[in-house]
Novice: 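Right, I'll just put the structure down here and ask away after.
Labels below follow one simple rule: chain letters A, B, ... track the order of the sequence lines, proteins then strands, and each chain is numbered from 1.
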Number of protein chains: 2
Amino acid sequence: MATPFHNPSCQHCKDRFSSVFCKAEQCNLEQIAEAKVCSVYRKGQVIFHEGAYPFGVYCVNDGKIKLSHSGDDGREQIVRLIKAGDIMGYKALLSNERYTATAMALEDSSICFIPKDLFLSILQKDASLSFEMMRILSSELRKAELKITHLAQKPVRERLAETLLFIKETYGLEEDGHTLSVRLSREEIANLVGTATESAIRLLSEFKKDGMIELEGKKIRLLDMTEIIRTANLQD
Amino acid sequence: MATPFHNPSCQHCKDRFSSVFCKAEQCNLEQIAEAKVCSVYRKGQVIFHEGAYPFGVYCVNDGKIKLSHSGDDGREQIVRLIKAGDIMGYKALLSNERYTATAMALEDSSICFIPKDLFLSILQKDASLSFEMMRILSSELRKAELKITHLAQKPVRERLAETLLFIKETYGLEEDGHTLSVRLSREEIANLVGTATESAIRLLSEFKKDGMIELEGKKIRLLDMTEIIRTANLQD
DNA sequence: GGGGGGCAATGATATGCGTCAAGGCAGAAT
DNA sequence: ATTCTGCCTTGACGCATATCATTGCCCCCC
């Protein structure tokens with residue numbers, strides 16, 4: 001299982017200024033720092049599982065996580081990619097229901113757990129934190145609705161190009177300025193696009209043939225950004 | 001355009017207990033009651049338009065509204081159905097961006113407008129209202145993510161059955177206990193399901209032939225709920 | 001009454017994409 | 001080395017679904 005250890009400070013957390021808590025009041029941060037428990041999860045480990053009851057929220061200190069629903073037939077649909085500074089598990093907590101998604105580490109990650117009661121009580125007191133939460137929720141909702149529209153209307157080819165851009169936006173590129181800095185299996189890419197694994201593979205090959213990308217195992221290099229954007233056919 | 005008139009009280013609004021504001025503090029309700037402007041929108045009128053800047057939130061007093069994105073090729077995707085007691089337009093306001101969806105009245109509706117500054121300032125002060133907003137946002141996000149999974153994984157037939165159930169959940173049935181109490185065009189149903197109009201029509205005819213539903217113009221009667229639920233193949 | 005416009009319905013056709021099947025390749029295990 | 005296992009890749013096939021085209025219906029308007 002995950003290795004727990006105490007991290008004494010939230011005020012000095014490396015992603016303090018990009019996270020929800022950047023707006024929280026100082027005294028509340030101190031309380032969180034005291035109560036939270038940080039753990040390291042290895043690649044492939046599950047942080048929480050669809051159907052389980054939430055006991056708190058998770059704040060990612062370092063690493064990459066995928067959040068996915070498992071559909072009726074067992075196929076997974078990735079609904080969100082999470083990076084350092086993001087929090088997860090708040091939806092279930094706020095609506096007081098069970099998790100509707102499973103969180104799994106895409107690489108070794110260090111994650112802080114903040115107990116439910118503390119989080120909720122601070123949320124009651126701290127208007128800035130509440131507001132920031134609402135901003136995050138709104139933004140996620142906006143993205144989700146856009147994804148709905150694209151799933152309903154765009155062909156797989158466009159969605160794949162869009163997904164590549166989305167991965168780049170989320171996790172960025174390596175030093176060379178071309179390689180996506182996350183390693184996803186073809187199946188995971190397909191589950192992000194919302195298509196069959198074979199279709200994703202075939203289209204990636206096409207993209208490669210057209211000189212838009214380069215493939216080397218799980219490494220994906222974006223060569224011709226202009227063409228990728230054109231293929232994604234974004235206009236809203 | 002819409003006909004504006006002043007409605008003196010929010011405290012006595014007919015949907016006060018089912019809306020976000022049911023948890024708001026009394027004094028804040030009074031402030032809202034003073035500042036808000038109520039208008040009647042006729043069927044087909046646009047309340048706000050994708051791309052416009054938000055100046056406040058809308059609270060539906062009575063009526064039915066569709067919220068839709070218009071995709072690249074102009075086809076619309078309905079992302080939410082709104083009923084009395086619901087609010088809309090908060091997403092754009094909270095994330096401080098332009099509207100990403102267009103709101104159009106599905107029937108004559110009476111809608112209150114609450115100015116941006118007032119709404120935001122009350123949100124800062126009123127923790128209960130904030131919390132309620134977060135609950136709503138969480139719940140919408142959950143629904144949106146579920147819809148993403150279904151769009152990606154379920155065939156149109158299942159999604160249509162699911163959509164019929166969703167319309168029933170949202171707007172309920174007429175007195176006969178069978179007829180959906182909203183009139184949608186075939187195109188609107190298709191845009192809700194995320195499919196072509198012809199496909200929606202064909203499958204509705206099939207449902208009818210199988211005795212699941214009855215069609216009479218825009219009236220849809222759900223006859224065999226068990227079979228509809230079975231067809232929707234819900235399990236999460 | 002007779003057009004005209006919008007919407008519903010249905011058929012014909014095309015195709016994107018999912019599914020099934022088989023083979024290749026690389027890294028792990030023995 | 002050698003098997004094994006998991007993942008990637010490619011091909012063949014068929015179906016679900018989009019698209020195009022036509023017809024009919026109903027309601028409104030002149």
Novice: Would you check, one step at a time, whether the test side chain to side chain contact (heavy atoms under 4.5 Å, CB included) holds for A:Val193 with A:Leu203?
Specialist: CA-CA 12 Å; A:Val193 174; A:Leu203 286 167; over 6 Å; no

Novice: Please state how far atom NZ in B:Lys219 lies from atom C1' in C:dC7, giving the value in whole angstrom units.
Specialist: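 Atom-to-atom, B:Lys219 to C:dC7, this comes out as 18 Å.
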
Novice: Under 4.0 Å between a side-chain N or O of B:Ser199 and OP1 or OP2 of D:dA18?
Specialist: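 Answer is yes, contact under 4.0 Å.
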
Novice: Find the distance B:Asp73:CG to D:dC20:P and express it as a whole number of Å.
Specialist: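 Result: 11 Å.
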
Novice: Quick check: any donor-acceptor pair below 3.5 Å linking the side-chain of A:Glu187 to the base of D:dC7?
Specialist: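 No, the side chain and the base share no sub-3.5 Å donor-acceptor pair.
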
Novice: If I take atom CG in residue A:Leu203 and atom P in nucleotide D:dC8, what distance separates them, rounded to the nearest angstrom?
Specialist: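 Rounded to the whole Å, the gap is 15 Å.
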
Novice: Does B:Thr195 make a side-chain N or O approach to OP1 or OP2 of D:dA18 shorter than 4.0 Å?
Specialist: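 Yes, such a contact exists.
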
Novice: Taking the minimum atom-to-atom distance to the side chain of B:Val156, which one of C:dC17, D:dT19, D:dT17 wins?
Specialist: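 Of the candidates, D:dT17 comes closest.
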
Novice: Please confirm whether the shortest side-chain N or O distance from A:Lys218 to OP1 or OP2 of D:dC8 is below 4.0 Å.
Specialist: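 Looking at the OP1 and OP2 atoms of D:dC8, one of them is under 4.0 Å from a side-chain N or O of A:Lys218.
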
Novice: Among B:Glu107, B:Glu187, B:Glu76, find the residue that satisfies the salt bridge (Lys or Arg N to Asp or Glu O under 4.0 Å) test when tested with B:Lys66.
Specialist: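 So the option named by the test is B:Glu76.
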
Novice: Is A:Arg186 close enough to D:dT9 that one of its side-chain N or O atoms is under 4.0 Å from OP1 or OP2 there?
Specialist: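 Looking at the OP1 and OP2 atoms of D:dT9, one of them is under 4.0 Å from a side-chain N or O of A:Arg186.
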
Novice: Would you indicate which nucleotide in D:dA12, D:dT19, C:dA21 comes nearest to any side-chain atom of B:Arg202?
Specialist: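 Between D:dA12, D:dT19, C:dA21, the one nearest the side chain of B:Arg202 would be D:dT19.
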
Novice: C:dT10 C1' sits how many Å from B:Lys208 NZ, rounded?
Specialist: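 Taking NZ of B:Lys208 and C1' of C:dT10, I get 13 Å after rounding.
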
Novice: Checking side-chain contact (heavy atoms from CB on, under 4.5 Å) against B:Leu160, which of B:Leu165, B:Leu204, B:Thr231, B:Leu192 comes through?
Specialist: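 Between B:Leu160 and the candidates, side-chain contact (heavy atoms from CB on, under 4.5 Å) is satisfied uniquely by B:Leu204.
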
Novice: Round to the nearest Å and state the distance from B:Glu198 atom CD to C:dA14 atom P.
Specialist: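 Taking atom P of C:dA14 as the reference, CD of B:Glu198 is at 17 Å.
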
Novice: Using atom CG of B:Leu204 as one end and atom P of C:dA9 as the other, report the distance to the nearest whole Å.
Specialist: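 Atom-to-atom, B:Leu204 to C:dA9, this comes out as 8 Å.
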
Novice: Does a side-chain N or O of A:Ser205 approach OP1 or OP2 of D:dT10 to a distance below 4.0 Å, or not?
Specialist: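 True: A:Ser205 side-chain N/O within range (under 4.0 Å) of D:dT10 OP1/OP2.
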
Novice: Can you check the B:Asn191 CG to C:dA8 C1' distance for me, whole Å?
Specialist: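 The distance from CG of B:Asn191 to C1' of C:dA8 comes to 15 Å, rounded to the nearest Å.
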
Novice: With distance as the sole test, does A:Lys64 use its side chain to make a donor-acceptor pair with the main-chain N or O of A:Ser181 at under 3.5 Å?
Specialist: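 Yes.
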
Novice: To the nearest Å, how far apart are A:Lys154 NZ and D:dA18 C1'?
Specialist: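 To the nearest whole Å, that distance equals 18 Å.
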
Novice: Are A:Ile47 and A:Phe113 close enough that some pair of their side-chain heavy atoms sits under 4.5 Å apart?
Specialist: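 A side-chain contact is absent here, since even the closest heavy-atom pair is not under 4.5 Å.
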
Novice: 5'-most contact on DNA chain D: A:Ala152 or A:Gly217, nearest heavy atom basis?
Specialist: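 Of the two residues, A:Gly217 wins.
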
Novice: Could you please name the option among C:dA9, C:dT19, D:dC8 that lies closest to any side-chain atom of A:Ala196?
Specialist: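 Nucleotide nearest to A:Ala196's side chain: C:dT19.
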
